[in-house]
Amino acid sequence: MQDKPYFCPNCRSNRVKFSIISSFNQRFMKDAVTGNVQEVDEPQQIQDSEPMIQCQVCSFTGNELRFIKQAEREPRTMTPTNPTYT
């Protein structure tokens, strides 16, 4: 996962709430007649070349680069605040 800002390309309102989606592989064996599970192996995480990201606002899911590129197209500008109290 890259340390760059995200911006949802779908709802175009979320810049902070995201989930990372990962995949697991778990092998098992079943009885051919009864269908009962006879043996289950431990789940193993599948290494993806690029993580899948999900927007927690609109549930849009896409590859990480799509969220990064959208943030680069529409960057969030820092506005200086100079409060004056009288």
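Computed from heavy atoms alone, side chains included, the values below leave out hydrogens, waters and symmetry copies.
- Rounded to the nearest 0.5 angstrom, Ile68 CD1 and Met1 CE are separated by 9.5 Å.
- The side chain to side chain contact (heavy atoms under 4.5 Å, CB included) check on Glu42 picks up nothing, with sequence neighbours excluded.
- Note: Ser22 OG to Gln47 CD = 9.5 Å, rounded to the nearest 0.5 Å.
- With Gln26 contributing its side chain and Asp41 its backbone, the two residues share a donor-acceptor pair below 3.5 Å.
- Partners of Thr61 under the side chain to side chain contact (heavy atoms under 4.5 Å, CB included) rule, at least two apart in sequence or in another chain, are Ile21, Met52, Gln54.
- A search for side chain to side chain contact (heavy atoms under 4.5 Å, CB included) contacts involving Ser13 returns Cys11, Val57, not counting sequence neighbours.
- Take Glu72 and apply the salt bridge (Lys or Arg N to Asp or Glu O under 4.0 Å) test, not counting sequence neighbours, and it matches Lys69.
- Note on residues 24-39: no pairs pass salt bridge (Lys or Arg N to Asp or Glu O under 4.0 Å), not counting sequence neighbours.
- Sorted by first and then second residue, the ring pair (Phe, Tyr, Trp, His ring centres under 6.0 Å) pairs involving residues 21-65 (not counting sequence neighbours) are Phe60-Phe67.
- When each of Lys17, Arg66, Glu64 is paired with Tyr6, the side-chain hydrogen bond (donor to acceptor under 3.5 Å, both in side chains) condition holds for Glu64 and for no other.
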Could you walk me through whether Gln70 and Cys8 pass side chain to side chain contact (heavy atoms under 4.5 Å, CB included), step by step? CA-CA 7 Å; Gln70 186 66 33; Cys8 179; over 6 Å; no
